[in-house]
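Below: one structure, written as structure tokens.
From a predicted model like this one, the values you see are computed outputs, not experimental measurements. Proteins come first, then strands; the chains are lettered A, B, ... in the order of their sequence lines, and each starts at number 1.
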Amino acid sequence: MKYWIMKSEPSELSIDALEKLPNKTIEWFGIRNYLARNFMRNHMQINDLAFFWHSSCKNPGIYGVVKVVTLAHPETLQFIPSSEYYESKSTLENPRWWCVDVQFDKKLDYVSITELRCHKSLAHLKVLQKGNRLSITEITKEDWVYINNLSQEIK
DNA sequence: GCCAACGTTGGC
DNA sequence: GCCAACGTTGGC
């Protein structure tokens, strides 16, 4: 079992919006980066857990937990010409973009990026590194436990 | 709105 | 397959 951080712009999909969806589940749409795709397609397993991160917003950081509930499958929006995520090079036989479905698990007490930066033991996190542009990164179980405890303390 | 970092594109 | 130019991400 693996642990992840998955970033989403709250204007596109916030943790609250996810919680209101049917089954509280959605495909992790819109990923157009090969590394992030490969994490989903090649490495994610059902029941993996991820911190839900709000990015490109006033208060970036961790807001909750989601669970991986499917293996990777071709992403829907790449086939829809009117979508901003349309991919003309994808065919049904050979889709370029793949994603998993994630389900809302729970909200956490907000852990800001600023707070995370205060902890030396988290300095290795990819989300804290300068110039990081990857919207999906793997973290260790130790990081997972540490950050969960942090959220509890902040509460 | 700035800008550093880095991914992608396309000519050669 | 190199690499310059360009585009995008995302924190600040």
What nucleotide among dA5(B), dT8(B), dG11(C) has an atom nearest to a side-chain atom of K130(A)? dA5(B)
Please report, rounded to the nearest Å, how far the C1' atom of dT8(C) is from the CD atom of E84(A). 13 Å
Note, M44(A) side chain near L71(A) side chain (heavy atom, < 4.5 Å): no
Base, sugar-phosphate alone, or nothing: which one does I113(A) contact when heavy atoms must sit under 4.0 Å apart? sugar-phosphate
Is there a side-chain contact between R37(A) and the phosphate of dG7(B), meaning an N or O under 4.0 Å from OP1 or OP2? no
Between dC12(C), dT8(B), dG10(C), which nucleotide has the shortest distance from any of its atoms to the side chain of Y34(A)? dT8(B)
Spacing between E9(A) atom CD and dG10(C) atom C1', to the nearest angstrom: 8 Å
Would you please indicate yes or no on a ring centroid separation below 6.0 angstrom for W98(A) and Y34(A)? no
Would you indicate what S56(A) reaches in the nucleic acid, counting non-hydrogen atoms under 4.0 angstrom: base, sugar-phosphate, or nothing? base
Side-chain N or O of W53(A) closer than 4.0 Å to phosphate OP1/OP2 of dG11(C): yes
K126(A) NZ to dA5(B) C1', straight-line distance once rounded to whole Å: 16 Å
Rounding to a whole Å, what distance do you find between R32(A):CZ and dG7(C):P? 20 Å
Please give, in whole Å, the distance from dG11(C) P to I62(A) CD1? 12 Å
Tell me if a side-chain donor or acceptor on S135(A) pairs with a main-chain N or O of K7(A) at a distance below 3.5 Å. no
Please state how far atom CD in Q129(A) lies from atom C1' in dA5(B), giving the value in whole angstrom units. 12 Å
Between H54(A) and S14(A), the two heavy atoms sitting closest are NE2-CA, 3.7 Å
Can you measure I31(A) atom CD1 to dG7(B) atom P for me and round it to whole angstrom units? 15 Å
Return the minimal non-hydrogen interatomic distance between A123(A) and Q129(A), and the atom names on each side. O-NE2, 3.7 Å
Whole angstrom is fine here: how far is it from CZ in R96(A) over to C1' in dG7(B)? 13 Å
